[in-house]
J.: 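Below is one structure. I have some questions about it.
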Number of protein chains: 2
Amino acid sequence: MLKEELKMKNIEQVLRSKKIKVTPQRMAVYSVLKNSTNHPNVDMIYKKLKPEYPAMSLATIYKTVEVLKQVGLIQELNTGEGSIRYDANTSNHPHIACIECGRVDDIHDVNIPPCGGELKTEIEEKTGYTVQKQQLYFFGICPDCHK
Amino acid sequence: MLKEELKMKNIEQVLRSKKIKVTPQRMAVYSVLKNSTNHPNVDMIYKKLKPEYPAMSLATIYKTVEVLKQVGLIQELNTGEGSIRYDANTSNHPHIACIECGRVDDIHDVNIPPCGGELKTEIEEKTGYTVQKQQLYFFGICPDCHK
DNA sequence: CATCTATTAATAATTGTTCTCTTTTTATTT
DNA sequence: AAATAAAAAGAGAACAATTATTAATAGATG
Ligand SMILES: [Mn+2]
Ligand SMILES: [Mn+2]
Ligand SMILES: [Zn+2]
Ligand SMILES: [Zn+2]
């Protein structure tokens with residue numbers, strides 16, 4: 001059995017364990033996210049799936065990403081470009097977005113200090129909030145947009 | 001002359017120096033932002049100004065915040081709640097947003113390490129982007145929403 | 001297999017934001 | 001103090017992303 005198939009089997013387990021039905025649409029949307037590095041938004045997922053699933057509707061993708069998010073299989077990114085992007089990598093990692101074309105990339109292998117346990121505690125004490133998650137975004141011009 | 005009036009005179013200078021006309025609406029919108037700590041969105045600014053400026057339209061506020069942003073007098077925050085919030089404090093400081101009620105607060109007096117000059121350079125080398133700005137958001141439950 | 005219920009697809013409705021057009025205001029020049 | 005040109009404001013339509021509604025369909029369960 002291929003690694004890819006194994007991954008998908010695991011996702012099925014996760015969904016079933018949460019009493020959420022496993023459907024072809026959900027597997028397909030998750031698969032797109034898992035196999036992409038470009039943090040697609042709903043419309044990009046829609047267009048990607050169109051050839052293989054011509055009947056799938058935009059509303060289904062909206063609902064599916066909501067379900068996958070609730071279950072913790074994906075996270076959403078909002079860089080302020082108007083639409084929400086999604087990421088199957090649910091670890092807390094920084095992103096950089098191009099203010100020209102909207103492209104969103106991961107920032108790898110850069111030692112970004114913040115966000116340890118002590119910091120969280122400190123913020124909770126100072127603000128009175130209970131901290132649940134964080135997002136660090138950088139903005140700039142991507143290589144492609146540098147003419 | 002009061003401090004408050006002095007501030008506003010300075011804003012007039014900034015606008016005039018950029019060949020941007022000084023209007024009551026612009027001064028009013030800026031004043032709301034300068035005198036608030038809750039990072040209001042367009043609708044909150046609109047409602048705040050309604051009593052004193054009953055004729056002011058939403059479109060005017062949208063246009064005004066865009067102008068103030070371009071001139072560098074305010075910055076925008078996007079916590080993913082659907083609408084954009086604005087902040088007359090243009091320094092690079094972290095925010096925390098309530099995932100329950102949407103409230104957005106500053107995080108003061110917490111030593112958050114990232115984002116020095118070397119880090120920016122490192123990110124630019126690793127990603128090929130030109131980095132222009134950054135945003136650090138924390139998300140959680142605010143004191144009020146803890147019942 | 002039969003039933004029950006969650007999910008889908010299609011469509012309509014909503015919401016935040018932008019655009020277009022006309023009128024008014026501002027800054028500048030008589 | 002007019003007159004003028006340019007910029008901005010106001011009203012409302014238009015737009016795009018998202019959400020809600022509804023009727024049909026497909027998984028799960030016994
Ligand atoms: Mn990512
Ligand atoms: Mn702030
Ligand atoms: Zn780009
Ligand atoms: Zn709250």
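Treat the numbers as computed from the prediction; the structure is a model and nothing was measured. Per chain, numbering begins at 1; letters A, B, ... match sequence-line order.
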J.: Roughly how many Å is it from CG in B/Asp43 to C1' in C/dT14, rounded to a whole number?
T.: 14 Å
J.: What is the distance, rounded to the nearest whole Å, between atom CG of B/Leu49 and atom P of D/dG10?
T.: 11 Å
J.: Does B/Gln25 make a side-chain N or O approach to OP1 or OP2 of D/dG10 shorter than 4.0 Å?
T.: yes
J.: Would you check, one step at a time, whether the test side-chain contact (heavy atoms from CB on, under 4.5 Å) holds for B/Asn92 with B/Gln134?
T.: CA-CA 8 Å; B/Asn92 174 31; B/Gln134 57 180 280; 3.5 Å; yes
J.: Quick one: B/Tyr53 OH to D/dA8 P, roughly how many Å, whole number?
T.: 17 Å
J.: With salt bridge (charged side-chain N to carboxylate O under 4.0 Å, His left out) as the test, would you mind laying out the steps for B/Lys69 and B/Glu66 before giving the verdict?
T.: CA-CA 5 Å; B/Lys69 188 183 71 175; B/Glu66 183 61 26; 3.5 Å; yes
J.: Would you mind reading off the distance between B/Leu15 atom CG and D/dA9 atom P, rounded to a whole angstrom?
T.: 11 Å
J.: Compute the angle between the rotation axes at the two ends of the helix from C/dC1-D/dG30 to C/dT30-D/dA1, each taken over five pairs, rounded to 10 degrees.
T.: 30°
J.: Using only heavy-atom distances, determine whether the side chains of A/His95 and A/Asp106 contain a donor-acceptor pair under 3.5 Å.
T.: yes
J.: Produce a footprint string for nucleotides 18-30 of chain D: one letter per nucleotide, 5' end first; B if the base is under 4.0 Å from any protein heavy atom, S if only the sugar-phosphate is, - if neither.
T.: BBBB-----BS--
J.: For B/Gln70 and D/dA8, what is the distance between atoms CD and C1' respectively, to the nearest whole Å?
T.: 16 Å
J.: Just so I know, are the side chains of A/Asn89 and A/Thr37 near enough to count as touching, which here means a heavy-atom distance under 4.5 Å?
T.: no
J.: Using whole Å, what does the distance between atom C1' of nucleotide D/dA17 and atom CD of A/Glu76 come to?
T.: 13 Å
J.: Regarding B/Asp105 and B/His39, do their side chains bring together a donor and an acceptor under 3.5 Å, going by distance alone?
T.: no
J.: Counting distance only, does the side-chain N/O of A/Glu124 pair as donor-acceptor with the main-chain N or O of A/Val131 below 3.5 Å?
T.: yes
J.: Within a strict 4.5 Å, meaning less than it, do heavy atoms of the B/Leu68 and B/Thr64 side chains meet?
T.: yes
J.: Does this structure show an ion pair linking A/Lys48 with A/Glu52, if we count only N-O contacts that are shorter than 4.0 Å?
T.: no
J.: Please report, rounded to the nearest Å, how far the C1' atom of C/dG16 is from the OH atom of B/Tyr46.
T.: 14 Å
J.: Which pairs would a plain distance check flag for residues 135-147 of chain A, meaning a side-chain donor or acceptor within less than 3.5 Å of a matching protein atom at least two apart in sequence or in another chain?
T.:
from: A/Gln135; atom 1: NE2; to: A/Gln75; atom 2: OE1; distance (Å): 3.1
from: A/Tyr137; atom 1: OH; to: A/Asn78; atom 2: N; distance (Å): 2.9
from: A/Asp144; atom 1: OD2; to: A/Arg103; atom 2: NH1; distance (Å): 3.2
from: A/His146; atom 1: NE2; to: B/Thr130; atom 2: OG1; distance (Å): 2.7

J.: Using whole Å, report how far CD1 of B/Ile45 lies from C1' of D/dA9.
T.: 16 Å
